[in-house]
Amino acid sequence: MMERADSVQKLYTRMRLWEFTDQYVIEPTDGSSGSSLAVSRVDGSMKLIDEVPECTTLRVPKIFTIYGVVGIVRLLAGSYLMVITERECAGSYLGHPIFKILSMKVFPCDHSLKSTPAEQKKAEMEFSGLLNVAEKTSGLFFSYETNLTLSAQRLNDLGDESRLLPLWRQAEPRFLWNNYMLEVLIDNKLDPYLLPIVQGSFHYFQAAIGKDIIDVTLIARRCTRRNGTRMWRRGADPDGYVANFVETEQLMQFNGYTASFVQIRGSIPLLWQQIVDLTYKPKFELLKLEDAPRVLERHILDLRKKYGAVLAVDLVNKHGGEGRLCEKFGSTMQHVASDDVRYVHFDFHHVCGHVHFERLSLLYDQISDFLERNGYLLLNEKGEKMKEQLGVVRTNCIDCLDRTNVTQSMIGRNMLEYQLRRLGVFGAEETISSHPNLDERFKILWANHGDDVSIQYSGTPALKGDFVRFGHRTVQGIVNDGWNALQRYYLNNFCDGTKQDAIDLLQGHYIVSVGRDTAASSQKGGIEAIASFPLAFALVLTGFLFATMSLRQVRYDFRHFFFSLMWAGISVGIAAFVRANGRVFCNRPRLNNPSR
């Protein structure tokens with residue numbers, strides 16, 4: 001049904017990388033008879049060669065075992081080759097092995113730097129430093145045999161001609177994490193080296209229900225259109241692409257039958273931002289209100305083309321800081337509402353509080369008719385389509401992480417029960433909860449999924465994960481939430497700007513330019529030139545330390561009282577200055593920097 005034709009040139013699954021003084025040579029070692037790939041260390045140019053050249057110098061070349069070429073990034077003077085150095089098998093998707101990337105390595109092709117001006121060299125070093133951040137990217141998965149960017153339904157709908165294409169040609173561009181990095185390899189027609197990679201999550205389990213065995217797989221595919229970190233990528237862009245857009249597919253396989261159910265999440269599709277400024281919860285800012293209907297319409301139109309009917313479930317608070325976003329989203333959705341586009345608001349925190357998540361059943365009652373009407377994909381033993389999914393539930397909160405994951409797991413649970421009843425595995429009143437083994441594994445599956453998606457966007461595991469994992473809130477879970485919230489504050493304020501730059505560079509959202517970037521590397525004026533939070537924090541502490549020491553000397557000499565006031569005043573002054581200029585003291589993106 002979804003098998004690839006034998007005539008398609010296979011991807012190399014294992015290679016040897018030779019590091020010569022003038023070039024890198026990648027030699028297939030998986031039994032394939034293909035040519036080796038030579039990459040110049042001067043300018044990154046590529047060519048196929050029949051055999052690995054003999055070493056002509058005294059220096060013995062280093063040899064690395066690699067499992068795939070991620071791609072090449074071109075900077076100001078050099079190019080940088082990124083490869084997979086470690087992998088592990090994460091499971092199988094429709095019978096094909098899926099691998100998780102454990103480590104990557106960047107090999108510079110930058111010998112031309114020797115003849116470049118000092119300013120350009122300095123800028124190049126800054127950019128190449130971002131690639132070291134990119135090496136640590138989490139949640140990357142790939143397959144040598146099947147197209148992981150497409151859901152089972154879209155794979156099933158591929159025409160015969162499409163199935164004959166190489167995997168990278170079949171891939172859905174918005175879920176192809178290394179799309180930009182593959183461009184140089186595509187230009188050189190290096191199909192056996194073109195490995196499509198998806199960022200997201202992949203987990204599965206097998207469980208027994210009486211005599212029956214079912215396999216359940218959960219896959220997340222992160223969209224690259226507006227990819228980024230929690231505070232530096234919010235809302236939509238003018239084209240309607242939203243931040244933290246993730247497609248989640250829940251697959252169930254039983255006795256040759258395959259059922260697939262897809263949900264999506266994504267930031268509120270309006271132009272808005274929440275720029276970090278050292279406060280715990282920066283204010284929400286709606287931008288260009290007059291463009292809201294057009295941006296939302298583009299977003300919904302894109303979803304309609306790809307998924308059919310759309311039910312938007314909005315979980316944000318109706319009041320407080322989130323209230324204005326909620327009101328604008330709801331009122332703008334009225335312009336696009338139709339028989340196939342619905343909007344449901346459910347104030348998660350008001351209804352469920354911090355512990356009563358079972359009240360989500362009230363939400364399910366409101367959306368169950370949509371789920372039953374639009375269904376899921378069902379294939380029989382022969383791979384024939386018995387049923388298809390005609391619409392999608394789009395869930396959002398502010399981050400589209402914690403509340404969203406709890407809600408999506410509830411919807412996924414109900415749909416799995418629905419499918420098992422359809423196949424006769426469950427009786428009419430039977431539920432997942434009545435099978436402790438299945439229940440526990442299903443909860444862990446969704447908790448791990450939520451953690452993966454959250455780590456990629458916020459830097460920490462999901463909050464409220466204990467409910468998804470255990471079915472109720474726990475003291476340990478509440479403590480973990482507090483710790484993770486503090487971690488998010490630190491990462492968002494002091495680390496994520498650099499991480500955002502690395503993402504923009506890898507995804508091609510920022511293309512380096514000699515004139516602009518050489519000048520930019522030397523430009524840093526005003527407060528920004530001296531702004532350093534660690535230095536300011538150290539000065540405040542030093543001031544208070546001297547103030548305390550002076551206060552202790554007052555009984556010997558009253559003049560120390562005035563010294564104490566002076567030091568305390570300096571500390572308070574510096575703290576007030578930092579607070580008033582909080583945005584400047586945070587770690588901000590330098591490539592695509594939002595308004596300050």
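Note that these values count all heavy atoms, side chains included, but never hydrogens, waters or copies made by symmetry.
Aromatic ring centres of Tyr144 and Phe99: separated by under 6.0 Å. Between Phe64 and Phe107, the distance separating the two ring centers is shorter than 6.0 angstrom.
Here the options are Asp496, Val242, Asn227, Asn592, the test is side-chain contact (heavy atoms from CB on, under 4.5 Å), and the partner is Arg233; only Asn592 passes. Under the side-chain contact (heavy atoms from CB on, under 4.5 Å) test applied with Leu195, the options Ile84, Leu167, Leu185 reduce to a single match, Ile84.
Side-chain N or O atoms of Gln199 include one that pairs as donor or acceptor with a backbone N or O of Ser138 at under 3.5 Å. Of the possible polar contacts, one joining the Asn147 side chain to the Thr149 backbone as a donor-acceptor pair under 3.5 Å is found. Although no hydrogens or angles enter the test, the distance criterion places a donor-acceptor pair under 3.5 Å between the side chain of Arg298 and the main chain of Pro238. Not a single donor-acceptor pair under 3.5 Å links the side chain of Glu27 to the backbone N or O of Glu51. Judged by distance alone, with hydrogens and angles left aside, the side-chain atoms of Ser128 form a donor-acceptor pair with the main-chain N or O of Met125 at under 3.5 Å. Under the 3.5 Å distance criterion, the side-chain polar atoms of Ser32 are left unmatched by any main-chain donor or acceptor of Pro28. Between the side chain of Ser79 and the backbone N or O of Cys109, no donor-acceptor pair lies under 3.5 Å. A donor-acceptor pair under 3.5 Å is formed between the side chain of His299 and the backbone N or O of Gly240.
Side chain to side chain, Glu247 and Tyr307 meet the donor-acceptor criterion of an N or O pair below 3.5 Å. Between the side chains of Asp30 and Thr13, at least one donor N or O lies within less than 3.5 Å of an accepting N or O. Between the side chains of Gln253 and Tyr204, no donor-acceptor pair of N or O atoms lies under 3.5 Å. In this structure, a donor-acceptor pair under 3.5 Å is absent between the side chains of Trp232 and Asn492. For the residue pair Arg163/Gln170, the side-chain donor-acceptor check at 3.5 Å is not satisfied. Side-chain atoms of Gln250 and Trp446 include a donor-acceptor pair closer than 3.5 Å. For Thr460 and Gln487, the side-chain atoms include no donor-acceptor pair closer than 3.5 Å. For the residue pair Arg174 and Asn179, no side-chain donor N or O sits within less than 3.5 Å of a side-chain acceptor on the partner. Judged by distance alone, the side chains of Thr395 and Thr404 never bring a donor and an acceptor atom under 3.5 Å apart. Donor-acceptor pairing under 3.5 Å is recorded for the side chains of Asp452 and His203.
Leu155 is listed as a side-chain neighbour of Tyr93, based on a closest heavy-atom distance under 4.5 Å. The shortest side-chain heavy-atom distance between Arg234 and Asp399 falls under the 4.5 Å cut-off. Residues Gln419 and Leu416 are in side-chain contact: their nearest non-hydrogen atoms beyond the backbone lie under 4.5 Å apart.
Within 6.0 Å of CG on Asp160 lie no more than 12 heavy atoms contributed by other residues, nucleotides or ligands.
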Step-by-step side chain to side chain contact (heavy atoms under 4.5 Å, CB included) determination, Arg230 to Gln500: CA-CA 9 Å; Arg230 178 174 174 246; Gln500 185 64 55; over 6 Å; no

Stepwise salt bridge (charged side-chain N to carboxylate O under 4.0 Å, His left out) test for Asp402 and Arg488: CA-CA 13 Å; Asp402 315 316; Arg488 283 185 185 181; 3.1 Å; yes

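Remark: Arg226 is not positioned above the aromatic ring of Tyr241, lacking an NZ or CZ atom under 6.0 angstrom from the ring centre and at most 45 degrees off the axis.
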